[in-house]
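Read the structure below first, then the notes.
Any value given below was found using the heavy atoms of this structure, including those in side chains, with hydrogens, waters and symmetry copies removed. Order of appearance sets the numbers: ligands from 1, and atoms from 1 within every ligand. Positions are given from 1 along the sequence.
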Amino acid sequence: METIVEEIKRLKAERKAVILAHNYVNPEIQDIADFLGDSLELSFRAKKSGAEVIVFCGVRFMAETAKLLSPNSTVLIPVPDAGCAMADMVNAKMIEAYKKDHPDAFFVAYVNTTAETKSKVDLCCTSGNVEKVLKSIPADQEVMFLPDRNLGGNMNQKMGRSMDLWKGYCPVHDAVTPEMIRRARAEHPEALVLVHPECKPEVVAECDYALSTAGILKKVKELDAKEFIIGTEKGIFHRIQKENPDKKFYSLNPELVCPDMKKITLETVRDALKNMMPAIELPADMMESAVKPILRMMEL
Ligand code: 13P
Ligand code: SF4
C-alpha cells in the first residue's frame, strides 16, 4: 500500500510537476518540496522552472506570481482560499481612487499583493530586495508604498525616505511587541534577536537583524552565535533547526502562526496533483499588466 508521500511522488513524476513551497508551510510539506524559499527566491525559481506543472504550496498571491512568471505552466494551488490577510487590504479600485488625488505618485507594491493590485502599480519588491528596489527610485519622487505600513515605515526610517504608506499590515507580524523582545532577551541573554521586517518599526528598533525569511536562514548560518530568538511565523523553525543542528532557536512568541499557510496539507497536495485542479486562472489583460512590475523588479 502506497503512503501518501509515495503517492505524491508518483503523481508528481506522472504530471512532470515541481513542488515549490514557502518557508512557512507545515513541516511535512517542506519535506516533499523540490524547492523551499522566500518570496523572492520562489519568484526566480518559478520563472526559470519551465515545468509543465507547478504545485505552489503557499498562499494565493505567491501562486499568482508564479503563474505570471510562468504563464505556460499549469500552476496548481492546493487550497484556493489560502489567502494573505495583508494582500487583501488593497485592491485595484482603492488604488484608482488614490491615483485621482495623487496623479504623480509612483506605486511600489510589496509582492504580498494580488495580481489585480500588481496590474495597477509601477514596481514590485519583496522583503529580500526592498532596499535595492527603493534605491532605484529618485529620492525626490513621490512614492506610495503598499500595502505594508510596517515594511514601508521601516524603510522610511532606515533610508531617510518619506514614502506615503498604505494602512495594510500582516496580522501575524503586527502582533509582535517590543515587550516580547525584552522578555525573550531577559530569558535568553546570550541570544541574538532576528525578526521579519513586517514587524512594527518600534519592534525592529529593538532587534539585532530584520530580514526576509531567506535572510534569517542565511544570517543564522553565518553568525558564530549559538542562540537565536526568532520573530517570525512558526513554520520557519522546521528548516532553521534542520539546517543548524548545533544552534538553539527560541520563538519570540509561539502564537506567530499564519492560518492560511497552515491550510496546505499532504492530502490537498495529493488531490491537486490527482485532479489537476484548482489551477490559477487570470484574465489575459490583467496578466499582461501585472507581470510588468515584477519583471522590472527582477531586472534590477
Ligand atoms: P518572505 O518573502 O520573507 O518569505 O515573506 C513572506 C511573507 O509572507 C512574510 O509574512
Ligand atoms: Fe500574509 Fe502575514 Fe500570512 Fe505572510 S504571514 S502570508 S504576510 S498573513
Side-chain angles (χ1 to χ4, degrees), residues 20-26 29-30 33 35-46 56-66 69 77-90 108-115 117-118 124-133 145-155 166-176 194-200 203-204 207 209-220 230-240 251-264 294 297-298:
L20 305 186
H22 186 266
N23 291 320
Y24 290 161
V25 294
N26 290 311
I29 305 296
Q30 297 192 23
F35 183 79
L36 188 58
D38 74 351
S39 308
L40 184 62
E41 294 171 330
L42 288 165
S43 303
F44 278 99
R45 191 48 73 122
F56 204 103
C57 300
V59 293
R60 193 175 180 90
F61 78 81
M62 296 176 176
E64 285 185 349
T65 304
L69 292 167
I77 172 146
V79 182
D81 72 347
C84 165
M86 171 159 63
D88 292 338
M89 291 177 187
V90 58
V108 181
Y110 188 24
V111 75
N112 294 37
T113 40
T114 62
T117 293
K118 287 187 180 82
C124 276
C125 72
T126 75
S127 52
N129 66 9
V130 57
E131 239 181 294
K132 184 168 155 190
V133 167
F145 186 93
L146 61 84
D148 191 359
R149 64 182 181 205
N150 291 334
L151 182 63
N154 284 318
M155 287 304 122
W166 204 261
K167 300 277 182 283
Y169 59 91
C170 162
V172 181
H173 292 95
D174 196 66
V176 178
L194 290 89
V195 304
H196 197 278
E198 288 173 14
C199 293
K200 290 176 176 139
V203 168
V204 168
C207 76
Y209 300 94
L211 297 162
S212 76
T213 56
I216 292 176
L217 285 154
K218 184 163 177 272
K219 187 56 86 181
V220 300
I230 306 294
T232 193
E233 211 274 345
K234 187 180 166 189
I236 201 171
F237 284 91
H238 179 62
R239 181 168 170 196
I240 214 170
S251 176
L252 193 51
N253 182 339
E255 284 168 25
L256 299 182
V257 177
C258 175
D260 285 278
M261 288 282 183
K262 303 305 178 227
K263 288 178 180 171
I264 318 296
I294 309 174
M297 165 187 89
M298 292 172 114

Flag the pair Arg60 and Glu64 as a salt bridge only when some basic side-chain nitrogen lies within less than 4.0 angstrom of an acidic carboxylate oxygen. yes
Looking only at protein heavy atoms, which one is nearest to atom 5 (O) of ligand 1, and how far off is it? His196 NE2, 3.3 Å
Look at Asp174 together with Arg149 and state whether they make a salt bridge at an N to O cut-off of under 4.0 Å. yes
Partners meeting salt bridge (Lys or Arg N to Asp or Glu O under 4.0 Å) with Lys219 (sequence neighbours left out): Glu222
In terms of residue, atom name and distance, what is the protein heavy atom nearest to atom 8 (O) of ligand 1? Asn112 ND2, 3.2 Å
Closest contact, heavy atoms only, Ile77 versus Gly58: CD1-O, 4.3 Å
Could you tell me which atoms of ligand 1, counted from 1 in the order shown, lie closer than 4.0 angstrom to a heavy atom of His173? 10 (O)
With a 3.5 Å distance limit and no angle check, can you tell me whether Asn154 reaches the backbone of Pro197 through a side-chain donor-acceptor pair? yes
Within less than 2.8 Å of atom 1 (Fe) of ligand 2: protein N, O or S atom count: 1
Of all the heavy-atom pairs spanning Met62 and Ser39, show the shortest one and how long it is. CE-OG, 3.8 Å
Tell me which one of Ser127, Gly215, Gly235 gets a heavy atom nearest to atom 1 (P) of ligand 1. Ser127
Heavy-atom side-chain contact between Ile240 and Leu217 under 4.5 Å: yes
Is the closest heavy atom of Met86 to ligand 1 under 4.0 Å? no
Quick test: of every protein heavy atom, which one is nearest to atom 2 (O) of ligand 1, and how far off is it to 0.1 Å? Ser39 OG, 2.8 Å
Quick check: closest heavy atoms across Pro254 and Val257, and the distance to 0.1 Å? O-CG2, 3.8 Å
Atoms in ligand 1 with a heavy atom of Ser212 nearer than 4.0 Å: 3 (O)
Examine distances only and state if a side-chain atom of Lys118 and a backbone atom of Val111 form a donor-acceptor pair shorter than 3.5 Å. yes
In terms of atom number and element, which parts of ligand 1 are under 4.0 angstrom from non-hydrogen atoms of Asp38? 1 (P), 2 (O), 4 (O)
Among all protein heavy atoms, pick the one closest to atom 10 (O) of ligand 1 and tell me residue, atom and distance. Glu198 OE1, 2.9 Å
Contact region, Glu198 to ligand 2, non-hydrogen atoms below 4.0 Å, reads side chain
If only side-chain N and O atoms count, and only distance matters, is there a donor-acceptor pair under 3.5 Å linking Tyr24 with Thr232? yes
Hey, what do you get for OH (Tyr110) to OG1 (Thr126), rounding to the nearest 0.5 Å? 7.0 Å
